[in-house]
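One structure below.
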Amino acid sequence: MKRFKIIIVGLCLISVNLIPFVNVYGQGTSNLPQLGKSPIEEIIAAMTLEEKAALVVGTGLKMGEKESNMGFQIPNQPIPGSLADQTKVYVSGAVGRTLEIPRLGITTIEMVDGPAGPSFGSQTTAYPIATNLSSTWDVDLVYEIGRCMGNEVSEYGLDLLLAPGMNIHRNPLGGRNFEYYSEDPLLSGKIGAAMVNGIQSQGVGTSVKHFVANNQETNRIAVDAVISERALREIYLKGFEIAVKESDPWTLMASYNSVNGATATESFDLLTTIARNDWGYEGIIMSDWDTGKDPVEQLKAGLNLIMPGPYQDTVIIQAVKSGKLSEEVLDKNIAWILKNTMRSPKFKGYEYSGKPDLENNAEIARKAGAEGMVLLKNENKALPIKDKNQKIALFGNGSYVTNVGGSGSGFVMHAGPTINIIDGLINGGQSIEETSKQVYTDYIKENTPKQNMMRAIRGYIKRAVEMPVNEDLAKEISEKADIAVITIRRNSGETADRKIEDDINLTETERNNIENITNAFHALGKKVVVVLNIGGVIETASWKSIPDAILIAWQPGQEAGDAVADVITGNINPSGKLPMSFPVKYEDVSSAKNFPGTPAEKPEQVVYEEGIYVGYRYFNSFNVETSYPFGYGLSYTGFSYSNLKLSSKTFKNQIEASIQITNTGDVAGKEVVQLYITAPEKKLDKPSEELKGFAKTKLLQSGESQTISFKIDAEKLASFYSDKSSWIADEGEYTVKIGASCEDIKLSQKFNLKDDILIEKVSKALAPKVAIDEMTK
Ligand code: BGC
């Protein structure tokens, strides 16, 4: 699998091959039914068994002609002359495509990774990572980012972006958390839906992935996630459900792992019962790349498309001939593919320009990066650094070589030039202290290891280890500078989870550097700012008291440095808030003792004993202190919350809550307002707070107010009763809490629900086959 990725990457590096697409629609033999003109049943009836079997399987990893002659041995190659082989490569570097059957007017769907922007042979934009985007809590801005990504997909002649990733941040060690949005399903679902709507507004498709519970990379291909029905419905499926219902993604990508004993791609419960029947999903359900054991079982489960192919067709043909697979099941899967093929630009004959608006897209990427940065601490107004004459001493390798994203399929391989933090500050007219610049530049030059280009192109880049700054060097620089900025940098990526030591926790060098630099600067009355160039949680509790200010910059995409400079200098007032909790220490996380499962080296099973108590649902309900709570983030201004009003004290169909937010400081700013609900605990354990709404104010000028309204419908009050397979809102007293974070509740009001409401009865599905000793209060 690893080898397969590396080879693909290499090939994408080699060539860009955009073949103008000529629509084959209508060009088939005239007396044959044509997709779009004839009913789908007629098209299917006109297909041979060979065509049918080849259509439910991707056409493999066929590259452009140029690459095929490079002498590489490329896996997943179609057999020369086979149907899969006959499908043209329109855009070289696409990571998968469906079968083209010109005689029936069936066009191909060409797909490309991934969540931080399209990544293939042409120049695209590296957007901020998903976690950076969700930290904006701004669905309009995320829609806009989606629109930009969609513009690149469509204008390069592609059909579908393999994004967004919507798995829950179950545990900070999750290697792909950076590709995902949040520990909370509502935030994840709303941001994901906005992303899908934005991308699809450009006439191209998305793939909401990885469905479901792909919350770790360790043995992702074989681990069985054992999860209660309630935790599945309330936490792990919920975000996907919101995205399906609010954005109609063209495809859903079933994950590598198993859930409650069944491989996700072979789970009828997951794919058919839940996605199709309960949610009414109408797109294509496809597999993650090279996953699942049995193609026949996959098709029976309702997996429409096995990616990337192309080998499984012979097994499918055999199965139909032997009666193991009914042709009816095959036809059903085909119908979903055909229906959605008609949505694609290739089918519609879209004449792409080859020229997406990269300049505009970079601008939006910069804006979103900055809007999603989270100010954790700002004592004595250390930030912003407004005075351009102030000399900034820049420490930390990451100030000079900034990480723009994580690695793997979520890395954007041919992005525009990276703007490092130093470049951004210089672009913004700030003065950089020379000695710090010189020592770091020399050190990084001498200590950066030789790269393995095949790996580097997918973001597996070897970096120089952090340069130690001893007391003498810190002192020398502190005398020449006015303020210090220290960057702490992290990276993680697909195929590996993170580590506690030297990753979640700071390395010894990083810790010493923060101490030495702060001591030296503080001795002269000068301030120190730490910038966290990270993709996910790190430990902050043990050192956060040392510097004056801490800003999470995340991995903000190719415009990183300019976005950081925008916030550091106050061009943009930070308004991002944490989409996950920052624990005091890793061991405090509710899933810590059940991650990555057993046996630890190669887990076959991971039991989600924490149940619904993920992230803040756990910290709040069990009174476990965090270093920074979910929803937390500071601003250069302050906000007051007043006038919380509920439209009624008794719940009927809906209650409206409104609140007034006022900017009480002296600079303009935006505030993310969060609505939590505490539900009555009659028969079920309930988390003490659950996010049920959020909004971001407009840019409020000093003294300006805005009234924010939230609609609370019955569905928001419901919990999932596994014994009844039902969402039920329990009668009793509910508390609406409006907060600046899940721990900083500003105002609250109560209302009553007189009788239980059965919101929805769903199918009995995905019940665990082993007992779970699930956490309760
Ligand atoms: C990843 C997917 C990705 C696919 C195609 C898989 O390994 O899990 O997220 O879209 O490869 O590159």
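Position 1 is the first residue of the sequence; numbering continues from there. Order of appearance sets the numbers: ligands from 1, and atoms from 1 within every ligand. What you see below is based on every heavy atom in this structure, not just the backbone, and it leaves out hydrogens, waters and symmetry mates.
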- For Leu162, the ligand 1 atoms whose distance to one of its heavy atoms is below 4.0 Å: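 Every atom of ligand 1 under 4.0 Å from some heavy atom of Leu162: 10 (O).
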Is there a heavy atom in [X] that sits closer than 4.0 Å to ligand 1?
| X | answer |
| --- | --- |
| His210 | yes |
| Met307 | no |
| Glu179 | no |

- Message: Atom CD1 of residue position Ile500 - does it have more than 12 heavy atoms of other residues, nucleotides or ligands inside 6.0 Å?
- Response: yes
- Assess whether atom NZ of Lys245 is packed by more than 12 heavy atoms of other residues, nucleotides or ligands within 6.0 Å. yes
- Message: Side chain or backbone, does Arg458 bring an N or O within less than 3.5 Å of an N or O on ligand 1?
- Response: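 No, no N or O pair falls under 3.5 Å.
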- Message: Below the 3.5 angstrom mark, is there an N/O of Asp113, backbone or side chain, next to an N/O of ligand 1?
- Response: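 Yes, at least one N or O pair falls under 3.5 Å.
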- Residue set satisfying side-chain contact (heavy atoms from CB on, under 4.5 Å) with Thr59, at least two apart, ordered chain then number -> Ala84, Thr87, Arg97, Leu99
- Task: Fit a plane to each ring of Trp279 and Phe211, take the angle between them on a 0 to 90° scale, and name the class: parallel (under 30°), tilted (30 to 60°) or perpendicular (over 60°).
- Result: tilted
- How does Arg176 reach ligand 1, if at all, at less than 4.0 Å between non-hydrogen atoms: by side chain, backbone, both, or neither?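 The part of Arg176 near ligand 1 is the side chain, not the backbone.
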- Message: Applying a heavy-atom cut-off of 4.0 Å, say which part of Arg220 lies close to ligand 1: side chain, backbone, both or neither.
- Response: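 The side chain, only.
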- Side-chain donor-acceptor pair under 3.5 Å between Ser591 and Asn171, yes or no? yes
- Electrostatic pair Glu110-Lys346, nearest N-O below 4.0 angstrom: yes
